[in-house]
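Here is the structure we will look at.
What's counted below: heavy atoms across the whole structure, side chains too, no hydrogens, waters or symmetry copies. In the text below, chain A, chain B and the rest are named by the order of the sequence lines, each starting its count at 1.
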Amino acid sequence: MTTSTSTALDTSTPAGPGHPGVPGPAAPSSRETLGGAGAGPDAPALRLEGLRIAYGHGGNAREVVHGVDLLLERGRTLALVGQSGSGKSTIAQAAGGLLPLSGHVTAGTIHVAGRDATAWTRSQWRSLRGTGVGYVPQDPLGSLDPLQTVGRQLGQALRLHTDATRATVAARAVELLEHVGIHDAARRLDAYPHELSGGQLQRVLIAIAIAGRPELLIADEPTSALDVTVQKRILDLLGELQRELGLAVLFITHDLALAAERSDALAVLNHGRLVDHGATRRVLAAPEDPYTRQLFADAPATSPDKYAERIEVLARRAGAGQDDAGARAGAAPDGSATGTGADAAVVVEGLVKHYGGAEGRPPAVDGVSFTLRRGSTHALVGESGSGKTTIARVVAGLEGFGAGRVVVDGRVLESRPQHANPYARQLQLVHQNPLAALDPKFSVRRSIEEPLRLHRTGPHAASDALRAGRVREVLERVALPAEVLDKRPRELSGGQRQRVAIARALVLAPDILVLDEPTSALDVTVQARVVELLFELREQQELSYLFITHDLSLVRQIADDVSVLERGRLVETGAVRRVFEDSGQAYTHRLIDSIPGRGAAAGQRKAQP
Amino acid sequence: MSAQTLPVTTSGRRSGTRIVLGDWVALAFLAVLLLAIAAPSWIAAYDPLEVSPGNTLLPPSPAHPFGTDYLGRDSLSRVVHGTGRTIGASLVAVSIGLGVGSLLGLVAAYFGRWVDAVVSRIVDVLLSIPGLLLSMVVVVALGFGTINAAIAVGIASVATFTRLMRSEVLTVRNLPFIEAAHHIGAGPGTVLFRHVLPNSYTAVLSMTALQFGSSILWIAALSFLGYGAPPPHPEWGLLVAEGREYIVSSPWLTLLPGLVIVLTVLSISRVAALVRSQQEALR
Amino acid sequence: MQHRFLVLKRVGQSLLVIALTYVFVFYVLFLLPGDPVKSRIENPQNPIPAEQAAAILAYYNLDRGGLEQFWISVTRLFQGDLGYSLGTGRPVAELIRDGFAETITLAGLALVLALALSLVIAATAVLAPWRWARGLAEKLPVIALATPGFLVGLVLLQVFAYQLGWFSSIRDEGFKSLVLPAVTLAIGVSAPIAQVLIHGLRHAYAEPFVAVLRAKGVPESRIFGEHVLKNASIPALTLFGLTVGELLAGSVIAEAVFNRSGLGFITEQAVRAQDGPVVQAIVMLVAVIFTLVNLLTDLLYPVIDRRITPRGGGPAAERPASTDQPRGVTA
């Protein structure tokens with residue numbers, strides 16, 4: 001398996017046929033010669049020409065891919081970037097012969113290793129399986145049959161595509177698992193999928209995909225369900241395997257920074273159309289399309305300093321009313337709270353929380369201390385199982401805790417909170433999933449108004465007219481049109497729903513918001529709008545944010561202080577700049593190293609002026 | 001046997017909320033049934049109890065669309081006049097099941113602890129006897145008759161409603177928006193009545209419709225076995241049983257009343273599915 | 001350790017349910033005002049000789065308090081004494097022994113037929129290449145669920161026994177007379193199984209692991225047989241206990257329609273005669289079988305699907321809602 005001699009992508013012709021927005025029906029004739037090259041060793045691993053894909057039939061047909069041209073040379077990585085609904089996964093499925101029966105190619109061609117696979121049936125595709133095309137799926141947890149052992153499912157691939165026999169298959173499987181970095185491989189063969197972690201499962205799936213030594217690997221968001229440090233290790237593994245086996249990789253992702261870091265060529269999709277396509281370096285240096293530029297600006301990883309000035313201004317304002325005006329350097333670096341004085345919105349000291357009934361298990365939160373300064377944004381960052389959400393829920397009074405002290409706005413929390421929260425005016429929590437957090441039967445108006453009805457003594461709640469006025473006022477602040485008032489959550493977009501949830505949190509005018517991954521379910525452009533809104537809200541009135549996230553690049557972009565958590569323990573807490581530039585903790589370093597596209601960001605900054 | 005089972009999912013998956021031809025047919029059929037209950041003589045020309053020795057076992061004809069039975073009674077008239085009795089009995093049964101069952105379920109879910117434990121044991125006991133047998137036990141204790149059969153079927157369907165109500169309330173209560181309601185300061189009563197129950201009733205409502213269809217089958221089965229209304233009162237199950245003796249020579253005496261039962265249950269489940277899909281579209 | 005404890009707890013729970021059911025049935029049948037023993041003795045149309053009435057009264061201790069009657073009944077139960085039929089005077093145990101084999105044969109054949117039928121219907125509804133066939137296969141269970149069992153039986157009898165003469169309508173012709181009642185029972189119980197299977201197959205086909213299997217190059221037939229069907233059968237397994245219960249209860253109607261003399265027939269006669277001891281014994285027998293089958297399926301679950309741990313007893317609250325569902329929905 002040798003790497004093709006032809007150089008990378010067609011970097012010389014970034015404006016290829018069927019380019020941006022021009023839904024050309026088929027590729028022009030200049031490409032025809034290439035198309036006739038047949039299944040020779042020089043044929044590109046994958047070529048799509050004028051590809052259109054629709055779901056449904058007849059009058060119900062809905063086209064989702066509107067004429068896409070892509071070229072992936074042997075041994076190279078092509079990253080296909082797009083947000084939800086861009087059609088990227090549909091293209092991946094079509095290229096791998098995995099479209100559901102309702103989906104079909106309506107125009108254009110798909111060539112895999114020079115063979116025209118456009119109209120192949122599922123059984124025809126089988127000739128390419130394993131040895132031609134491998135596939136790494138998005139969700140490792142659901143991608144193995146839960147009823148069979150890992151070894152059996154890997155063995156199935158080996159028996160189908162190699163000369164392994166019943167006798168030798170186990171040894172080959174062990175070999176392969178070791179190859180993809182699974183320790184104690186022999187024992188893992190007998191494990192069921194639910195007994196392995198997400199990262200381990202993804203390694204098994206990669207092993208299955210490469211068992212037949214394919215030439216093309218289609219990786220459909222292979223790491224989006226994984227923690228960042230695991231993501232980095234999995235992508236490193238894919239890179240190694242690619243070099244070793246001469247794989248061509250079609251890498252589907254929503255993460256532009258990740259794509260930029262891990263690819264030779266980059267294709268940006270927007271609503272089923274290619275808007276930018278070329279060598280990664282070229283796209284990074286000079287994005288052709290406004291949409292691509294927008295993506296770069298919106299992704300926190302590629303625009304880390306977007307809010308730097310506004311943070312300075314806010315910090316100065318917050319500091320002005322207090323003793324010390326040092327920007328972005330409030331909390332003591334050792335993590336101990338500087339006191340429960342007026343400068344602290346939330347103080348957490350030695351917080352310990354066990355979940356009931358789980359004796360032998362380590363506590364979910366184990367001795368965590370930090371301080372949210374008034375008027376600042378404090379990020380709690382960590383991977384899954386770090387305890388960050390548990391802390392947020394304790395601070396919000398949704399859950400009790402075992403030991404420690406939590407002070408919110410000068411009030412010491414009881415270790416067993418009341419069912420109905422009497423302190424809604426002080427602090428409000430914004431849930432991760434607004435659709436789940438809003439009553440499906442309530443209109444937007446009712447949802448936002450409900451807190452006012454429950455707290456009738458407040459300044460805005462005394463009469464119907466006052467309440468209606470307050471609802472409209474808050475709606476304006478979160479930049480939603482009045483039309484949404486009578487809609488139900490299901491009828492809104494994801495970004496709108498989160499704005500409604502924020503509006504409900506703000507309606508009682510609390511000083512503190514606990515934001516539990518408020519943007520993690522949103523596309524990057526929508527996320528950028530919500531982050532922008534959060535800044536605007538702080539600029540209008542003094543608000544303190546406790547911001548829970550797994551995304552370090554977002555922390556760097558928006559937070560003043562950060563607490564890094566690992567398995568329920570505090571790794572460190574301090575000003576964002578200090579932690580990012582000068583952390584002494586190995587775990588923090590690992591997290592920072594896992595932020596994708598740091599090179600890409602640098603390239604961007606150089607290219608911008 | 002279908003008499004005791006309840007459709008898990010009714011008429012397949014509905015695509016969208018459009019009202020299609022089948023829905024209209026079902027609605028029209030139910031409208032005719034309503035008419036048969038309200039004004040049976042208006043549809044059926046004959047007295048259902050009038051014996052006519054000269055006209056026994058006539059095949060279907062324009063004069064007697066469902067034929068006549070062994071005593072010369074008009075079969076259509078007997079079906080029409082039996083509608084009220086059979087449907088009424090089913091309504092009684094469903095009301096008992098819904099009333100007692102959902103109250104028990106609500107109490108169990110709301111109070112939890114030992115109340116829940118006691119209710120759960122009651123449900124376990126009721127569910128450990130297949131429905132038809134359970135209603136037979138009650139019939140043995142209460143005696144025969146339409147009302148007793150209805151009570152028996154009602155008691156046998158209590159557990160279904162208890163479980164549904166309990167699990168609906170518990171499920172909804174664990175959803176994030178309930179926590180969000182507590183978080184903005186709502187107390188338990190407010191949350192129960194403003195958030196939990198409005199989000200539970202759709203499921204209970206569609207279960208009620210399904211159970212209504214099942215009750216019809218169930219009561220028909222009891223009356224077929226002769227535990228319901230005593231002859232000569234017309235009741236759907238009994239009509240089938242009476243026609244049974246003449247199945248070789250006059251099959252319409254069993255098949256046509258049987259068909260009416262099938263169409264009734266199908267129409268109810270169809271309309272239930274329609275209502276549910278409209279409800280879900282609102283969410 | 002933990003595991004064994006959960007299993008024991010589950011077994012204990014089943015025993016408790018059986019005991020409570022006994023209390024319930026005894027109370028309903030013997031202690032409610034409409035006491036069958038009393039009404040049997042006092043029945044003016046069917047007078048019983050005085051000494052026989054005295055014997056019945058003495059046996060059932062009607063003059064004693066409710067708790068004492070219950071205690072006597074439990075004591076006799078443990079001595080293997082199920083009492084005497086009020087209608088025929090024969091020992092209840094003997095009656096049940098006579099009918100048991102016939103009904104079990106019928107229910108067993110019906111179970112096999114029902115499984116085959118539901119599998120064919122579900123596979124057609126999901127896999128058939130023609131739209132009309134898929135639609136039809138999906139409608140069939142709906143229609144079956146709306147059709148009373150006795151009507152199914154009568155139609156089968158009319159068509160296959162009387163018109164075509166393929167099967168016998170007389171009960172003593174061995175297998176030939178077993179087929180129609182078994183099919184009658186099978187059609188009824190197969191409908192919910194088919195519906196759960198259809199749902200399960202669709203759900204399993206939508207799982208991402210199917211795409212991985214296709215990408216691996218596994219033929220569609222093996223994807224169905226080795227992976228999708230197995231995953232889809234797990235929710236259907238919860239219906240197993242219910243199905244067995246329905247088969248036993250449904251035999252009352254099937255045996256009535258086809259004039260057979262198994263447990264179902266005995267039940268029907270006993271209810272008609274308000275023969276409390278017989279009804280009690282049969283209902284308890286069915287409840288025990290039903291509860292044990294449910295116990296067995298619950299214990300089998302973790303063996304088939306390693307993700308599941310044995311269900312603990314206690315309030316139903318502790319059970320996962322998803323596996324808790326189907327039994328109740330159809331009961």
Side-chain angles (χ1 to χ4, degrees), chain B residues 1-13 112 116-117 120-121 123-134 136-143 159-160 163-164 166-167 170-171 207 213 217 220-221 224-227 237 240-241 244 247-248 251 254-255 258 261-262 265-266 269, chain C residues 17-18 20-21 24-25 28-29 32 34 36 138-139 142-152 154-155 157-158 162 185 188-189 191-192 195-196 199 245-246 248-250 252-254 256 267-268 271-272 274 276 279 283 286-287 290-291 314-317 321 324 326-331:
Chain B
M1 189 144 293
S2 52
Q4 313 98 49
T5 44
L6 193 72
V8 176
T9 55
T10 43
S11 330
R13 294 173 308 165
D116 189 24
S120 295
R121 289 294 80 77
V123 167
D124 280 346
V125 166
L126 291 176
L127 285 178
S128 73
I129 307 169
L132 188 66
L133 280 184
L134 179 55
M136 284 179 174
V137 171
V138 179
V139 162
V140 170
L142 297 182
T160 309
R163 275 171 69 120
L164 179 74
R166 180 180 170 279
S167 80
L170 289 181
T171 309
M207 175 61 92
L217 294 175
F224 175 82
L225 292 172
Y227 310 149
V240 177
R244 194 182 151 195
I247 190 160
V248 182
T254 48
L255 297 191
I261 298 175
V262 175
V265 178
L266 277 180
S269 75
Chain C
V17 166
I18 290 173
L20 288 175
T21 305
F24 171 77
V25 173
V28 169
L29 284 178
L32 282 184
E138 188 157 355
K139 288 271 183 306
V142 179
I143 296 171
L145 282 173
T147 310
F150 55 82
L151 188 66
V152 175
L154 289 173
V155 169
L157 198 63
Q158 158 74 3
Y162 298 134
L185 272 177
V189 297
Q195 288 191 327
V196 170
H199 184 78
E246 297 299 321
L248 294 174
V252 177
I253 283 172
T267 314
E268 191 216 321
V271 173
R272 195 178 304 285
Q274 297 197 283
V279 172
V283 165
V286 173
F290 185 68
T291 306
D324 202 29
R327 186 180 135 195
V329 172
T330 40

Side-chain heavy atoms of B/Ile261 within contact of C/Leu151, under 4.5 Å: no
Write down the atom of C/Ile253, the atom of B/Ala221, and the distance for their closest heavy-atom approach. CD1-CB, 3.6 Å
Nearest heavy-atom neighbours spanning B/Val125 and C/Val17: CG2-O, 4.2 Å
Who wins among B/Leu134, B/Val265, B/Thr254 for the most heavy-atom pairs under 4.5 Å with chain C? B/Val265
Region of C/Leu20 that comes under 4.5 Å of a non-hydrogen atom in chain B: both
Non-hydrogen side-chain atoms of C/Leu154 and B/Phe224 separated by less than 4.5 Å: yes
Write down the atom of B/Leu127, the atom of C/Phe290, and the distance for their closest heavy-atom approach. O-CE2, 2.8 Å
For C/Val279, is it the side chain, the backbone, both, or neither that has a heavy atom closer than 4.5 Å to a heavy atom of chain B? side chain
Please report the closest heavy-atom contact between B/Val137 and C/Val28, naming both atoms and the distance. CG1-CG1, 3.8 Å
Proximal component of B/Ala220, with respect to chain C [non-hydrogen, under 4.5 Å]: both
Do you know which two heavy atoms are closest between C/Tyr162 and B/Ile247, and how far apart they sit? CE1-CG2, 3.7 Å
Any idea which heavy atoms bring B/Pro130 and C/Gly245 closest together, and the distance? CG-O, 3.4 Å
Side-chain touch C/Val252/B/Met136, heavy atoms, less than 4.5 angstrom: yes
Between B/Ile129 and C/Val286, is any pair of side-chain heavy atoms under 4.5 Å apart? no
Quick one: CZ on C/Arg272 to CG on B/Leu225, what's the gap to the nearest 0.5 Å? 7.0 Å
Can you say whether C/Ala256 sits under 4.5 Å from chain B via the side chain, the backbone, both, or neither, judging by heavy atoms? both
